[in-house]
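Just so it is clear: chains get the letters A, B, ... in the order the sequence lines come, proteins before strands, and each one is counted from 1.
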Amino acid sequence: MPELPEVEVTRLSFAERITGARILAVRLGKPLRWPLGGEPASLYGLTVTAVRRRGKYLLLDLSSGQLLLVHLGMSGSLSFALALPAAGTHDHFDLVTTHGTLRLHDPRRFGAVVLTDGASSDRALKLLGRLGVEPLGDEFGLAEFHAGLKKRNVSIKQVLLAGEVVVGVGNIYASEALFLAGIRPATKASRISLARAARLREAIRDVLARAVATGGSTLRNFSSADGQAGHFQLEAMVYGRAGEPCRQCGSPIRQLRQGQRSTFFCGVCQR
DNA sequence: AAAAGCCCCTGGATGC
DNA sequence: TGCATCCAGGGGCTTT
């Protein structure tokens with residue numbers, strides 16, 4: 001479910017409210033992708049000092065200097081409230097604090113909650129160390145982006161998904177951004193010209209920023225930690241529309257598979 | 001070193 | 001209705 005916009009909307013929905021809260025208890029459900037990596041009870045009494053985001057990871061800074069990483073995987077979502085219902089079968093992590101309980105609901109359990117000894121710890125570096133640049137920040141420069149693409153001998157779609165050049169672009173927004181930029185997904189990343197890289201960079205920023213602004217839309221059923229549903233204001237131009245007419249030129253949207261993932265594009269608008 | 005494939009898991013949609 | 005099959009928004013790990 002969640003790409004950068006959904007993770008960011010989730011972060012915004014509870015970051016302020018949980019900041020300054022003291023951890024009272026931790027409840028674990030079924031195993032997630034990785035073990036927590038520490039004793040739950042060791043968190044008791046610590047304060048959540050900030051909630052940040054890096055790529056699709058949420059980072060909860062703790063007063064001990066530790067970093068609690070939360071990843072939503074494919075099907076994860078967070079809720080945060082003073083009183084939550086009894087944990088259901090797919091509620092696999094509760095962080096009970098003085099300001100409310102943060103709960104991870106994740107049917108497929110590709111998500112994770114990992115306790116690390118700070119940003120420079122081995123565990124944090126292993127998970128975050130290879131991540132590319134943040135697409136919505138000032139550091140997402142054209143020259144660096146183009147240089148990053150030049151080094152890769154795979155399709156541009158797969159480079160975007162890998163997250164080593166730029167983070168946060170998942171399977172939906174990769175297709176959408178490439179449509180906006182007029183670039184075929186199968187184009188080798190190394191063959192993208194500077195001018196086209198510039199268009200793609202703008203397209204990525206545009207589609208992600210709009211999705212954040214509309215509360216994580218495009219998606220079937222995304223809702224943030226305060227229960228607000230996405231507004232569906234951004235209609236997908238190509239994603240999930242195989243065989244349907246292109247909204248721009250009317251020709252049928254095409255679908256292909258790249259690295260076990262579906263890609264959608266318009267063969268006329270994208271060259 | 002980079003690229004390709006595998007795999008974790010559950011649920012919903014589709015087809016017979 | 002029941003059952004099998006396919007597909008799903010992620011990404012680390014292993015193999016080539």
Side-chain angles (χ1 to χ4, degrees), chain A residues 1-10 29-35 37 53-58 69-78 88-93 104-114 116 122-132 148-179 185-186 188-191 204 207-208 211-212 214-224 229-230 232 234-243 255-264:
Chain A
M1 180 200 292
E3 302 183 30
L4 182 147
E6 292 72 39
V7 177
E8 179 63 8
V9 167
T10 297
K30 285 192 191 175
L32 292 161
R33 176 161 191 174
W34 299 296
R53 181 188 55 73
R54 180 74 179 98
K56 298 170 190 169
Y57 284 90
L58 288 171
L69 307 183
V70 179
H71 198 290
L72 302 179
M74 287 276 247
S75 59
S77 61
L78 289 173
T89 39
H90 299 308
D91 298 327
H92 300 304
F93 179 82
L104 176 65
H105 176 87
D106 186 5
R108 284 176 77 179
R109 293 191 280 129
F110 288 0
V113 181
V114 178
T116 74
D122 288 350
R123 190 76 182 105
L125 283 176
K126 187 149 197 175
L127 294 175
L128 307 175
R130 293 173 56 84
L131 295 182
L149 299 185
K150 273 267 172 277
K151 294 179 197 151
R152 303 299 305 271
N153 194 33
V154 282
S155 73
I156 181 62
K157 161 78 180 333
Q158 289 176 285
V159 170
L160 293 181
L161 270 194
E164 291 168 351
V165 176
V166 58
V167 292
V169 182
N171 207 37
I172 292 180
Y173 295 116
S175 281
E176 295 297 308
L178 286 167
F179 175 83
K188 285 265 195 273
S190 56
R191 303 194 47 180
I204 290 168
V207 73
L208 294 181
V212 172
T214 56
S217 52
T218 313
L219 311 177
R220 282 192 266 275
N221 52 15
F222 171 73
S223 68
S224 56
F232 298 91
L234 287 187
E235 265 186 315
M237 297 297 282
V238 290
Y239 184 83
R241 301 191 64 239
Q255 176 173 6
L256 53 86
R257 269 188 106 67
Q258 298 175 289
Q260 285 98 296
R261 314 294 295 276
S262 287
T263 303
F264 301 86

Polar-atom pairs under 3.5 Å, protein N or O versus N or O of nucleotides 9-13 of chain B: list them with distances, or write none.
residue: B:dC9; atom: O4'; partner: A:R108; partner atom: O; Å: 3.4
residue: B:dC9; atom: O3'; partner: A:R109; partner atom: NH2; Å: 2.8
residue: B:dC9; atom: O2; partner: A:R108; partner atom: NE; Å: 3.0
residue: B:dT10; atom: OP1; partner: A:R109; partner atom: NH2; Å: 3.0
residue: B:dT10; atom: O4'; partner: A:P107; partner atom: O; Å: 3.4
residue: B:dG11; atom: OP1; partner: A:H90; partner atom: NE2; Å: 2.7

Nucleotide C:dG11, atom P - distance to CG of A:L58 in whole Å: 12 Å
Please state whether the phosphate of C:dG10, meaning OP1 or OP2, lies under 4.0 angstrom from any side-chain nitrogen or oxygen of A:Y173. no
For the OG1 atom of A:T263 and the NZ atom of A:K157, what is their distance to the nearest 0.5 Å? 2.5 Å
Which whole-number value in Å describes the distance from A:L32 CG to C:dG12 C1'? 15 Å
What is the distance from CZ of A:R53 to P of C:dG10, rounded to the nearest Å? 14 Å
What is the distance, to the nearest angstrom, from the CG atom on A:L72 to the C1' atom on C:dG9? 11 Å
Report the distance from atom CD1 of A:I172 to atom P of C:dA8, rounded to the nearest whole Å. 11 Å
Heavy-atom closest pair, residues A:S75 and A:R109: OG-N, 4.1 Å
Extract from the structure each pairing of a protein N or O with an N or O of nucleotides 2-6 of chain B at less than 3.5 Å, listing the distance.
residue: B:dA3; atom: OP1; partner: A:N153; partner atom: N; Å: 2.6
residue: B:dA3; atom: OP2; partner: A:R152; partner atom: NE; Å: 2.8
residue: B:dA3; atom: OP2; partner: A:R152; partner atom: NH2; Å: 3.2

Round to the nearest Å and state the distance from A:M74 atom CE to C:dG9 atom C1'. 6 Å
No-hydrogen, no-angle side-chain donor-acceptor test under 3.5 Å, A:R257 and A:S262: yes
Please report the distance separating the P of C:dC6 from the corresponding atom of B:dC6, rounded so that it comes out in whole Å. 15 Å
Want to settle it: does A:L127 or A:N171 sit nearer the 5' end of DNA chain C, counting the closest nucleotide to each? A:N171
To the nearest angstrom, how far is A:L131 atom CG from C:dG12 atom C1'? 12 Å
Applying the Watson-Crick and G-U wobble criteria at under 3.5 Å, what pairs with B:dA13? Answer none if nothing qualifies. C:dT5
Measuring to OP1 and OP2 of C:dG9, would you say a side-chain N or O of A:S75 lies under 4.0 angstrom away? no
Considering non-hydrogen atoms only, spot the tightest contact between A:W34 and A:A112 and give its length. CE3-CB, 3.4 Å
Checking C:dG10, C:dG12, C:dC13 against the side chain of A:Y57 (C-beta onward), the nearest is C:dG12
Whether A:R123 side chain and A:G37 backbone form a donor-acceptor pair below 3.5 Å: no
To the nearest 0.5 Å, tell me how far A:L161 CG sits from A:Y173 OH. 13.5 Å
Using whole Å, what does the distance between atom C1' of nucleotide C:dG11 and atom CG of A:L128 come to? 13 Å
Closest non-hydrogen contact found for A:M237 with A:E176 is N-OE1, 2.7 Å
If every non-hydrogen atom of A:P185 is compared with every non-hydrogen atom of A:L178, which pair is closest and at what distance? CA-CD1, 3.8 Å
Residue pair A:K30 / A:H92: nearest heavy atoms and the distance that separates them: N-ND1, 3.2 Å
